[in-house]
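Beneath this line is the structure, given in structure tokens, with notes to follow.
The analysis underlying the following values was restricted to heavy atoms, covering all of them including side chains, and did not include hydrogens, waters or symmetry mates.
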Amino acid sequence: GVVSQRVGDGTYLNSGTDILLDEPLDFLIVMEDTSLSELFELRLLVEPELASRAAQRAQSADLAKMRAAIDKMRGSRARQSRLTADADFHEAIFNASGMGVSLLIIRVLHRAIFRTLAHNFVGYMQLKAPIARHEAILKAIADGDAEAARQRMADHLTEARAHLVAIKRIESETV
């Protein structure tokens, strides 16, 4: 993914560092057998701060993308499109934060989490709670309230992690 060849034209370096980061990081997460718990812990360390930065820097186009993702999530009945809309919401926040390198890293982290969710928790997807949490995060960002955005994101991720822990406990008790 570092270079591309065009027959009769030459060999060129690909633009964009995401090509350079995506596959090695995805591979390392799989090879290290990183747990969902660890991935959520990393999200809790990073995403609240990115939400805070988004509250300080978001433009109207960023807010529109966040709103569109929530609307898509609300209107979706298919699990995969809900997960995609959820990821779109978080990605819009990362874009609004102005922290480009974090977007590259968090995108890989989200792919690993959503891949796990799609395969292991298909029957347990919540809809109302995440939408309400996303609405609260969006409001804080739109209001320019950095501290509230940070707290709302932390609350959202803490609740999501608790939901997944409860599911794991239920599954282990039924086996």
Side-chain angles (χ1 to χ4, degrees), residues 16 18-19 21-51 54 58 61-97 99-100 102-142 149-150 152-172 174:
D18 55 339
I19 292 170
L21 285 176
D22 279 357
E23 290 181 25
L25 286 175
D26 279 344
F27 182 71
L28 286 174
I29 287 171
V30 170
M31 289 305 294
E32 292 294 321
D33 196 27
T34 305
S35 72
L36 194 57
S37 178
E38 284 179 277
L39 295 172
F40 262 90
E41 190 169 337
L42 180 58
R43 286 183 77 183
L44 275 163
L45 290 171
V46 175
E47 291 189 45
E49 187 57 35
L50 293 175
D62 298 313
L63 299 173
K65 287 178 185 175
M66 290 175 217
R67 166 64 49 214
I70 291 171
D71 291 344
K72 182 179 171 189
M73 192 175 179
R74 181 179 284 115
S76 174
R77 298 294 165 239
R79 221 172 284 113
Q80 188 58 46
S81 63
R82 272 186 269 163
L83 285 172
T84 300
D86 190 319
D88 290 347
F89 174 77
H90 288 270
E91 189 163 311
I93 292 171
F94 309 146
N95 281 326
S97 77
M99 304 286 295
S102 67
L103 177 60
L104 300 174
I105 294 167
I106 294 293
R107 194 178 282 157
V108 172
L109 176 65
H110 274 203
R111 265 201 315 266
I113 289 171
F114 290 125
R115 190 172 31 246
T116 301
L117 292 175
H119 295 303
N120 298 325
F121 299 101
V122 293
Y124 302 101
M125 298 283 300
Q126 290 185 335
L127 185 58
K128 288 182 183 173
I131 288 175
R133 290 290 188 187
H134 287 175
E135 291 279 3
I137 294 164
L138 174 56
K139 182 178 181 332
I141 291 171
R150 180 184 292 114
R152 302 295 177 277
M153 181 63 81
D155 293 345
H156 169 51
L157 296 174
T158 299
E159 183 177 90
R161 182 173 62 178
H163 178 67
L164 294 175
V165 167
I167 291 168
K168 282 274 213 208
R169 192 175 318 114
I170 290 167
E171 286 180 341
S172 67
T174 59

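In this structure, I70 and I131 approach most closely via the heavy-atom pair CG2-CG2, 4.2 Å. Between A96 and M66, the closest heavy-atom pair is CB-CE, 3.8 Å. The two residues A51 and I141 come nearest to each other via the heavy atoms O-CG1, 3.9 Å. Scanning all heavy atoms of the two residues, the minimum distance from A160 to F40 falls at CB-CE2, 3.8 Å. Nearest heavy atoms, A140 versus A149: CB-N, 3.4 Å.
Using a 30° and 60° split on the angle between ring planes, H134 and H90 fall in the perpendicular class, above 60°.
Remark: D86 does not engage R82 in a salt bridge, criterion side-chain N to carboxylate O under 4.0 Å. With respect to the salt-bridge test (charged N to carboxylate O, under 4.0 angstrom), the residues K65 and D62 do not qualify.
Distance check: M153 CE to E49 CD gives 11.5 Å after rounding to the nearest 0.5 Å.
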Exercise for the section: Any chance you could lay out the side chain to side chain contact (heavy atoms under 4.5 Å, CB included) test for E135 and R67, step after step, and finish with the verdict? Expected result: CA-CA 8 Å; E135 291 279 3; R67 166 64 49 214; 2.8 Å; yes

Practice task
Give the C-alpha distance, both sets of side-chain angles, the deciding distance and a yes or no for salt bridge (Lys or Arg N to Asp or Glu O under 4.0 Å) between R150 and E47.
Solution key: CA-CA 8 Å; R150 180 184 292 114; E47 291 189 45; over 6 Å; no

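For T158, the side chain to side chain contact (heavy atoms under 4.5 Å, CB included) partners at least two apart in sequence or on another chain are L44. For K72, the side chain to side chain contact (heavy atoms under 4.5 Å, CB included) criterion is met by T84, A85, D88, not counting sequence neighbours.
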